Amino acid sequence: MLNYTAMSLNRASNLRKEPSWFAAQVNEHSRWLLVNNNQTLFDSNSYSVTFLSFAIVCNLDLTEAIFLGLDEQQTSHFALDVSQLDEVLLAKLIGDAEFVDIRRYGVNVALEQGSMAALARGLCYWHATHRYCGRCGSENTLVEAGHSRLCTNEQCKHQTFPRTDPAVIMVVTRTFADGIERCLLGRQAIWAPGMYSSLAGFVDPGESLEQAVAREVMEEAGIVVGNVRYIASQPWPFPSSIMLGFIAEAVTEDIHVDKDELDDAQWFSREELKRFGNWHEEGDHLKLPRTDSISRYLIDHWCNLND
C-alpha cells in the first residue's frame with residue numbers, strides 16, 4: 001500500500017456539518033494533533049504521530065479546530081494549527097515530542113498514522129492560505145468542522161472548500177532495437193546529485209489525465225507517448241496535490257530536454273536501476289527517489305513486471 005493512503009478514521013462527512021454535533025465532539029475523550037508551520041507533532045524515538053489529550057490543549061483557542069474523524073471507539077480526532085502560538089507555551093505543551101516534516105520519517109511512520117498526519121497538514125495549510133474571500137476580499141471563517149470556509153460579508157457569503165491539485169506522474173517505457181526494455185527518468189537541478197525520478201506535471205484545465213501525461217512527456221523530454229495506462233494514486237499534501245500514476249509507452253526514443261523543466265533525462269534498463277542507490281545517500285552516484293513516493297512505487301512496479 002502506498003504511503004498516506006491508509007486512512008482509518010471515519011470522516012463523518014454528513015455529521016460534521018451540524019454545529020451542535022461538532023461542538024459535542026470537543027470533549028475530554030478527544031485527541032489532538034498539533035501542526036506548526038506545516039510540521040506535525042511526532043515522537044522522534046518511535047516515529048509515531050503524537051496526539052495530545054483534551055486536558056493538555058483545553059486552554060488553547062480551539063475555534064480553529066479541524067475535525068479529522070472518529071476511530072473505531074468513536075473517539076474524535078482533531079488537528080490544530082499552533083503556528084502563531086508563543087514558543088515557550090508551545091514547548092510546555094509538547095514535552096519531549098517535536099515538530100517534524102512527515103517526509104523526514106517517510107516509510108518509518110505507520111501507514112495509518114502517516115495518513116492522519118497528511119490529512120492534518122493538508123487541511124491546516126489550506127486554512128492558512130484561504131483566510132480571505134476570493135470574491136470580495138472579506139475575511140473567511142471556519143465552518144463545517146474545519147472542512148469549509150465561509151465569507152463573513154453578509155452580501156457575499158461565498159463558501160469555499162479544500163482543493164486538491166491533480167498531477168500526473170508517469171513511467172515511460174520503450175523496447176529498443178537491442179530487445180531491452182527501458183524506462184525514461186528525469187532529474188531537476190535542485191535535486192540531490194544523481195537522483196532520477198518519474199516525469200510529472202499538473203493537469204491543465206480542460207485536459208484529460210491521458211492528455212496531461214502525453215503533453216508533459218513531450219514538453220519535458222520531447223518524447224511522443226501512447227497507450228497510457230493508470231496504475232495508482234497517492235495524496236501528496238506537500239502542500240495540496242493528488243498524484244495520479246501512469247505507465248505510458250514511448251512512440252519515439254530521441255530525448256530533447258527542455259532545460260526550463262528538467263536538467264537531464266535518460267533511458268534506463270531494469271538491470272541499470274538495480275545498481276541505483278537511494279535518494280538520501282551521500283555522493284554523486286545514481287539514485288532512486290524516496291521510498292514513500294508514488295514515483296518510487298511506479299519505478300518498482302515496472303521493474304517487477306517481468307518477475
Side-chain angles (χ1 to χ4, degrees), residues 4-41 49-85 90 93-94 99 102 112-136 138-154 156-165 235-242:
Y4 319 121
T5 62
M7 175 56 66
S8 60
L9 296 177
N10 174 6
R11 300 181 190 229
S13 301
N14 294 328
L15 294 172
R16 71 190 185 205
K17 297 178 182 179
E18 175 54 51
S20 60
W21 182 90
F22 173 58
Q25 304 312 302
V26 182
N27 55 49
E28 66 273 18
H29 303 296
S30 57
R31 307 293 293 171
W32 296 77
L33 180 57
L34 305 186
V35 177
N36 182 22
N37 293 310
N38 292 320
Q39 295 187 324
T40 310
L41 196 61
V49 175
T50 300
F51 278 91
L52 302 180
S53 68
F54 177 71
I56 294 177
V57 304
C58 63
N59 291 323
L60 300 179
D61 179 6
L62 303 183
T63 58
E64 295 292 309
I66 301 169
F67 177 74
L68 299 178
L70 301 166
D71 65 15
E72 292 182 352
Q73 289 73 43
Q74 300 303 298
T75 300
S76 294
H77 290 63
F78 294 88
L80 187 67
D81 193 333
V82 292
S83 301
Q84 304 305 316
L85 198 64
L90 187 57
L93 285 174
I94 67 174
F99 289 102
I102 309 166
E112 292 184 358
Q113 289 200 348
S115 298
M116 294 180 202
L119 175 61
R121 172 177 169 147
L123 286 174
C124 287
Y125 175 86
W126 180 75
H127 282 285
T129 55
H130 288 75
R131 296 291 184 190
Y132 300 94
C133 177
R135 289 188 177 178
C136 72
S138 300
E139 189 172 359
N140 282 326
T141 187
L142 180 150
V143 294
E144 295 193 4
H147 291 261
S148 180
R149 295 189 73 85
L150 184 66
C151 177
T152 55
N153 180 353
E154 290 294 333
C156 180
K157 287 292 184 181
H158 178 57
Q159 189 170 6
T160 55
F161 299 88
R163 294 292 186 262
T164 298
D165 300 320
W236 196 252
F238 310 112
S240 55
S241 299
I242 176 74

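These numbers were taken from a predicted model, which means no experiment stands behind them.
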Next on the checklist: I'd like to know if the side chain of Thr75 and the backbone of Asp71 have a donor-acceptor N/O pair within less than 3.5 Å.
Outcome noted: no
Item to check | 4.5 Å side-chain heavy-atom contact, Met7 and Glu112 | outcome: no
Checklist outcome for this item: So CZ of Arg163 and OG1 of Thr129: to nearest 0.5 Å the spacing works out to 12.0 Å
Checklist entry - Is there a donor-acceptor pair under 3.5 Å between the side chain of Asn27 and the backbone N or O of Ser30? => result yes
Checklist entry - Would Val57 and Val82 satisfy side-chain contact (heavy atoms from CB on, under 4.5 Å), going step by step from the backbone distance to the final call? => result CA-CA 11 Å; Val57 304; Val82 292; over 6 Å; no
Checklist entry - Of the non-hydrogen atoms in Asp81 and Ala128, which two are nearest, and what is the gap between them? => result OD2-CB, 4.5 Å
Checklist entry - So which heavy atom on Ala117 is nearest to which on Thr40, and how close? => result CB-CG2, 4.0 Å
Checklist entry - Only one of Arg149, Glu64, His147 forms a side chain to side chain donor-acceptor pair (under 3.5 Å) with His127, so which one is it? => result Arg149
Checklist entry - Do other residues, nucleotides or ligands put more than 12 heavy atoms under 6.0 Å from Gln159 CD? => result yes
Checklist entry - Ignoring hydrogens and geometry, is there a side-chain-to-backbone donor-acceptor pair from Ser148 to Thr160 under 3.5 Å? => result yes
Next on the checklist: Looking at every non-hydrogen atom in both residues, tell me the closest pair between Ala55 and Cys58 and how far apart they are.
Outcome noted: O-SG, 3.4 Å
Next on the checklist: Would you compute the distance between atom CG of Leu34 and atom CG of Leu41 and round it to the nearest 0.5 angstrom?
Outcome noted: 5.5 Å
Next on the checklist: One pair to check against side-chain contact (heavy atoms from CB on, under 4.5 Å): Thr50 and Ile94. What are the steps and the verdict?
Outcome noted: CA-CA 9 Å; Thr50 300; Ile94 67 174; over 6 Å; no
Checklist entry - Quick check: does any side chain N or O of Thr152 sit under 3.5 Å from a backbone N or O of Glu139, one acting as donor and the other as acceptor? => result yes
Checklist entry - Between the main-chain N or O of Leu70 and the side-chain N or O of Gln74, is there a donor-acceptor pair closer than 3.5 Å? => result no
Checklist outcome for this item: Output for pair (Leu150 CG, Phe161 CZ), nearest 0.5 Å, gives 9.0 Å
Item to check | Trace of the side-chain contact (heavy atoms from CB on, under 4.5 Å) decision for Arg121 with Phe238 | outcome: CA-CA 8 Å; Arg121 172 177 169 147; Phe238 310 112; 3.4 Å; yes
Next on the checklist: Counting only heavy atoms not in Arg11 (residues, nucleotides, ligands), do more than 12 fall under 6.0 Å from its CZ?
Outcome noted: no
Item to check | Phe78 to Ala65 - nearest heavy-atom pair and separation | outcome: CD2-CB, 4.2 Å
Checklist entry - Can you check whether His130's main-chain N or O pairs, donor with acceptor, with Asn140's side chain at less than 3.5 Å? => result yes
Item to check | Whether Trp32 and Phe54 hold their rings parallel, tilted or perpendicular, with breakpoints at 30° and 60° | outcome: tilted
Item to check | Whether over 12 other heavy atoms sit under 6.0 Å from Lys157 NZ | outcome: yes
Checklist entry - When rounded to the nearest 0.5 angstrom, what distance separates CG in Asn10 from CG in Leu68? => result 12.0 Å
Checklist entry - If we only count heavy atoms from C-beta on, is the Pro239 to Asn38 side-chain gap below 4.5 Å? => result no
Checklist entry - When rounded to the nearest 0.5 angstrom, what is the spacing between CG in Leu90 and CD in Gln84? => result 11.5 Å
Checklist entry - Between the side chain of Ser240 and the main-chain N/O of Pro237, is any donor-acceptor distance below 3.5 Å? => result no
Checklist outcome for this item: For Ser83 and Asn37, the nearest pair of non-hydrogen atoms, with its separation, is OG-N, 2.7 Å
Item to check | Check: His29 main-chain N/O paired with Arg31 side-chain donor or acceptor under 3.5 Å | outcome: no
Checklist entry - Taking C-beta and beyond as the side chain, do Leu60 and Leu93 meet within less than 4.5 Å on heavy atoms? => result yes
Checklist entry - To the nearest 0.5 Å, how far apart are OG1 in Thr164 and CH2 in Trp126? => result 11.0 Å
Checklist entry - With side chains defined as the heavy atoms from C-beta onward, is the minimum distance between Cys156 and Cys133 less than 4.5 Å? => result yes
Next on the checklist: The test is side-chain contact (heavy atoms from CB on, under 4.5 Å); show your working for Leu142 and Thr63 and say whether it passes.
Outcome noted: CA-CA 8 Å; Leu142 180 150; Thr63 58; over 6 Å; no
Item to check | Non-hydrogen side-chain atoms of Cys124 and Ile66 separated by less than 4.5 Å | outcome: yes
Next on the checklist: If you compare all heavy atoms of Thr5 against all heavy atoms of Ser115, which two are closest, and at what distance to 0.1 Å?
Outcome noted: N-OG, 3.3 Å
Checklist entry - If we only count heavy atoms from C-beta on, is the Met116 to Leu9 side-chain gap below 4.5 Å? => result yes
